[in-house]
Amino acid sequence: MGLKGSAAPLAGMENRTYTADAEPGDEVTVAGWVHEIRDLGGIAFLILRDTSGRIQVKFEKDEMDDDLVETGLGASRESVVSVTGAVEEEPRAPTGVEVTPESVEVISEADTELPLDPSGKVDAELSTRLDNRTLDLRREEGQAIFEIRAEVMRAVREAFREADATEINTPKIVATGTEGGTELFPITYFGQEAFMNQSPQLFKQLVAGSNLERVFEIGPIFRAEEHNTPRHLNEATSIDFEGAFCDHNDAMDVCESVVVSAYEAVAENCQRQLEALDLEAEFEPPETPFPRLSYEEAIERINATGELDEQLVWGDDLPTEGEKALGDDVGGHYFITDWPAEIKPFYIMDHDDGELSTGFDMMHPRMELVSGGQREHRRDHLIEGFEQQGLDPEAFEYYTKMFDYGMPPHAGWGLGAERLIMTMLDLSNIREAVLFPRDRQRLSP
RNA sequence: GCCCGGGUGGUGUAGUGGCCCAUCAUACGACCCUGUCACGGUCGUGACGCGGGUUCAAAUCCCGCCUCGGGCGCCA
């Protein structure tokens, strides 16, 4: 559960002990990175760091073997070392315990000039950090983010299972775009034109129409938009849900429970990681139920804030500034429902009047997290929608055909995993929430 | 796609025409120090993104390129 060091079943490599598990009276071998060496003259301390934390190794120069002292204190920062010795209680040590070494081995030496400082004394810019992600993730903040991300994914899967949804995986290499509009990455597939998929939308609908009924997918999506912002990625992780015999309200219920479950799991199981991020005091799951504002109410409230230079009128999409004004006004997660039909995609079902759709967005005060709705399951309406959006229904025959064989009413949504993590942990840049982000200028590592 | 702002030792920064063979921190090297916990102290090594131009004089002004970040649009 990410709490390394408590009842760890496996620390690896014959009899290695995690630093956090070293108890006074034990004879242990600890292995990790040289975090720092503090040489006070007659006595020196090597701080050894591993995934579970840190431990201090003591070198008393007059009382120890010269070779041992030389090896230990000669190791450069971030070198990988293994230390065997007795663990003793020592109130003067940072963690209350200290290792008196009997043997020290330098397993892998690090260059003395590092591209960034894992001890965190000197900041590094995000691009320097991403270029050297391994070193960057030796900082406890980075480690914490990805341990929390893993816990979020675990909790999300569990919440979906509780909602009777089956995990699926759909293709990322596709012949046609999902919705038109957004830019796709073209690739060549054995001489045929193909694309990286922007969304599992159409595929998850096809599976919702099967006996699986309720499905979810956690997987990559690709968008070739040349945006350059702290909240966009060209390769992102989408958490998708689609359920047969669900309407948009049911879909919102599932959405809310999945998001809240993720927060609760982190609050419950990631205390140490939250402390590393200095969030333990303020972190709490969002209040439920999330308010459900209609689109019309949303634009009225935005206009009432007076934050925008120009008043919004019915039919406008919400500008970024408006989303922020509304987010500040609401102060927590919320849904925007009943969008004008014309600004939602063809596969979203309209309400009876045709003016409004069942489409909804789920918002965090900082940004949009989720987009969803009830889907159009009536073949005729669907084909009409394709044509209205300037798409050729023929190209999507693999999809539309299945609406001829009994397609139940269904609804679903897609949640940006990185945006969820970013807003949950108040990260200033979405790239912090991805190990190796892909953006307008970054293709490696 | 449109717009704006940056690039100075390994890292992060100060420096808006001469005061700069460039500031500070950290790292690195040497030396001193027996309880550090951002250990401390002394000394030292190390940098103006690339190319062109203006000027008596360019890190500083201009142009082009490369590169990074941000705002909008669009979206998750």
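Proteins get letters first, then strands, A, B, ... in listed order; numbering begins at 1 in each.
One finds no side-chain N or O of A:R77 lying less than 4.0 angstrom from the OP1 or OP2 phosphate oxygen of B:G10. For B:G12, the OP1/OP2 oxygens have a side-chain nitrogen or oxygen of A:T128 closer than 4.0 Å. Neither OP1 nor OP2 of B:A27 sits under 4.0 Å from any side-chain N or O of A:T112. For the pair A:N228 and B:C3, the criterion of a side-chain N or O lying under 4.0 Å from OP1 or OP2 is not met. Between A:R431 and B:C68 there is no side-chain N or O to OP1 or OP2 distance below 4.0 Å. At least one side-chain nitrogen or oxygen of A:S371 sits closer than 4.0 Å to the OP1 or OP2 atom of B:A76. Contact annotation: A:Q441 side-chain N/O to B:G69 OP1/OP2 distance is under 4.0 Å. Between A:K121 and B:A27, a side-chain N or O to OP1/OP2 separation shorter than 4.0 Å is present.
Applying the 3.5 Å distance criterion, the base of B:A76 shares a donor-acceptor pair with the side chain of A:R223. Contact annotation: side chain of A:H227 to base of B:C75, donor-acceptor pair absent below 3.5 Å. No N or O donor and acceptor, one from the side chain of A:E125 and one from the base of B:U11, sit under 3.5 Å apart. The base of B:C75 sits within donor-acceptor range of the side chain of A:R419, with an N or O pair under 3.5 Å. In the interface, the side chain of A:E98 is paired with the base of B:G35 through a donor and an acceptor atom under 3.5 Å apart.
Base-pair partner of B:G29: B:C43 (Watson-Crick or G-U wobble, both distances under 3.5 Å). Across all strands shown, B:C61 forms a Watson-Crick or G-U wobble pair, both distances under 3.5 Å, with B:G53.
A:L233 comes within 4.0 angstrom of a nucleotide base, judged by non-hydrogen atoms across all strands. Nucleic acid contact for A:A236: base, since at least one base atom lies under 4.0 Å from a heavy atom of the residue. Using a 4.0 Å heavy-atom criterion, one finds that A:T237 contacts no nucleic acid atom at all. A:D111 comes within 4.0 angstrom of no nucleic acid atom, judged by non-hydrogen atoms across all strands. Residue contacts for A:E90: at a heavy-atom cut-off of 4.0 Å it reaches a base atom on one of the strands shown.
Between A:L73 atom CG and B:C33 atom C1' there is a gap of 14 Å when expressed in whole angstrom units. Atom C1' of nucleotide B:C74 and atom CD of A:E323 are separated by 11 Å, given to the nearest angstrom. If you measure from atom CD of A:E310 to atom C1' of B:G73, you get 15 Å, rounded to the nearest angstrom.
Note: A:F386 and A:F396 meet the aromatic proximity criterion, with ring centroids under 6.0 Å apart. Within the 6.0 Å centre-distance limit, the rings of A:Y263 and A:F283 are counted as a close aromatic pair. Checked against the 6.0 Å centroid threshold, A:F216 and A:F241 do not count as a close aromatic pair.
The closest side-chain donor-acceptor pair between A:D350 and A:S357, if any, does not fall under 3.5 angstrom.
A gap of 7 Å separates the P atoms of B:C48 and B:G9, to the nearest Å.
Taking each heavy atom of A:S52 and A:Y18 in turn, the nearest pair found is OG-CB, 3.5 Å.
Residues A:L369 and A:P230 both approach RNA chain B. Their nearest nucleotides, taken by heavy-atom distance, put A:P230 toward the 5′ side.
The listed nucleotides are B:U34, B:A76, B:G12; the one nearest the side chain of A:I43 is B:U34.
Exactly one residue among A:R375, A:H410, A:E242, A:H377 makes a side-chain hydrogen bond (donor to acceptor under 3.5 Å, both in side chains) with A:Q205. That residue is A:H410.
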